[in-house]
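Right, one structure below, let's go through it.
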Protein chains: 2
Amino acid sequence: MPQKDDFDLQNFLPYLLNQAAEESSLAFQQVYKDRYGMLRTEWRVLFHLGLYGRLTAKDIGARSKMHKTKISRAVQRLEERRFLTRAPDDADRRQEHLELTGQGRAAYRDLHGVAESYDQTLSVKLSAEEERVLRGALRKLARMG
Amino acid sequence: MPQKDDFDLQNFLPYLLNQAAEESSLAFQQVYKDRYGMLRTEWRVLFHLGLYGRLTAKDIGARSKMHKTKISRAVQRLEERRFLTRAPDDADRRQEHLELTGQGRAAYRDLHGVAESYDQTLSVKLSAEEERVLRGALRKLARMG
DNA sequence: TGTTGTTAGTTACAAAATCAACCGTTAACA
DNA sequence: TGTTAACGGTTGATTTTGTAACTAACAACA
């Protein structure tokens, strides 16, 4: 027997957010998968290194909130495919500095361009005001424990 | 060498949406997992049946955009745990009508309440205007192929 | 120093998601 | 009707994720 009140799944923020996130990730996902055989974790690591330069896995974890095992495996695969290199830290030999190779930077630049234009095709569906508010609200929701 | 332009990961809608979705799902996930040992796919099926009553797996797929194997397995588990029952369709014996049991409805009512109040604690972080625009924008993003 | 605790990152194993192939049933239509 | 295609749903193999336990390195401090 269905409930009659107004609380629909479409009104439940976590659900709505998930639907929007999945739907809006699809086309971009296709690109990094087809062009570079990457997974979501991998393009995220690639983007972090492309945007911020030399980082350790720890740094990436702090910025992205990805779990360290995800990062570890993404780094492994990116290294195997020569998108990045590792360099041990002299002072603290537990850490490794990660850096994109030429190939990595090329992939990053390519995907960065795709992302940028894809983001625009998404925001076309929204008014300027809507877009502004949306981004602000998402930031608030994203960074609260 | 990091790029200098303004296209940050935090400005990329699919990324932002994912971050917000993950973060905002966490606490609720904990509830249905702890109380009923359910997975995300399972509470989704539960909610669909709770909200809309008797449905086939196909219906749920159309509404939720979950892949049919996910639904099939979620239904199996929910049936095993006596949250729902299946009834074959007389006219088309490929289909099965799914319906919550008493236990299923009880779980649904419980989680429905949790979801409703959780949704409110989330929207407290936003102004009324922000919330309105956010929901509208998310709906637009969620339902475009 | 030596012991204990913590940290960065990896690995092993279980749980879950994905993908393709599959089964039985219905639809299309020659 | 008979044949082929499509559909609803399930299953199995492979991939990916999640969880815990682990290794090696460092830190704190007796």
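Here is the naming used below: chain letters follow the sequence lines, and residue numbers restart at 1 for every chain.
Of the two residues near DNA chain D, A/T69 and A/R94, the one whose nearest nucleotide lies more 5' is A/T69.
Atom-to-atom, CZ of A/R44 to C1' of D/dT17 comes out at 13 Å; the value is rounded to the nearest Å. In this structure, the NZ atom of A/K70 is 17 Å from the P atom of C/dG9, given to the nearest Å. We find that CE of A/M66 is positioned 11 Å from P of D/dG18, with the value rounded to whole Å. Atom pair A/L39:CG and C/dC19:P shows a separation of 11 Å (rounding to whole Å applied). For the pair A/D89 CG and D/dA24 P, the computed distance is 19 Å after rounding to whole Å. For the pair A/I60 CD1 and C/dA8 C1', the interatomic distance rounds to 13 Å; values are reported in whole Å. Rounded to whole angstrom, the span from the NE2 atom of B/H67 across to the P atom of C/dA20 amounts to 9 Å. Rounded to a whole Å, the CG atom of A/L98 is 13 Å from the P atom of C/dA8.
The base of C/dT18 sits with one of its N or O atoms less than 3.5 Å from a complementary donor or acceptor on the side chain of B/R73.
Between A/E79 and A/L98 there is no side-chain heavy-atom pair separated by less than 4.5 Å.
Taking only side-chain nitrogens and oxygens, A/S72 never comes nearer than 4.0 Å to OP1 or OP2 of C/dG9. Neither OP1 nor OP2 of C/dA8 sits under 4.0 Å from any side-chain N or O of A/K68. For the pair A/R40 and D/dT15, the criterion of a side-chain N or O lying under 4.0 Å from OP1 or OP2 is not met. OP1 and OP2 of C/dG9 both lie 4.0 Å or more from every side-chain N or O belonging to A/Q76. Proximity of A/R77 to the phosphate of D/dT15: no side-chain N or O atom is located under 4.0 Å from OP1 or OP2. Listed pair B/K33 / C/dA15 fails the phosphate criterion, with no side-chain N or O lying under 4.0 Å from OP1 or OP2. Side-chain N/O atoms of B/Q95 include none lying less than 4.0 angstrom from OP1 or OP2 on C/dT26.
Counting any heavy atom pair closer than 4.0 Å across all strands shown, B/A62 reaches no nucleic acid atom. Within 4.0 Å (heavy atoms only), B/I71 reaches no atom of the nucleic acid at all. Counting any heavy atom pair closer than 4.0 Å across all strands shown, A/A74 reaches no nucleic acid atom.
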- Query: Where do A/Y52 and B/D8 land on the side-chain hydrogen bond (donor to acceptor under 3.5 Å, both in side chains) test, with the steps shown first?
  - Reply: CA-CA 10 Å; A/Y52 309 116; B/D8 190 346; 2.9 Å; yes

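In terms of modelled atom types and a separation under 3.5 Å, the side chain of A/R93 and the main chain of A/P88 share no donor-acceptor contact.
Ring orientation note: the planes of A/F47 and A/H112 are close to parallel, at an angle under 30° on the 30°/60° scale.
Taking the six-membered ring where the residue is Trp, the centroids of B/F28 and A/F12 are separated by under 6.0 Å.
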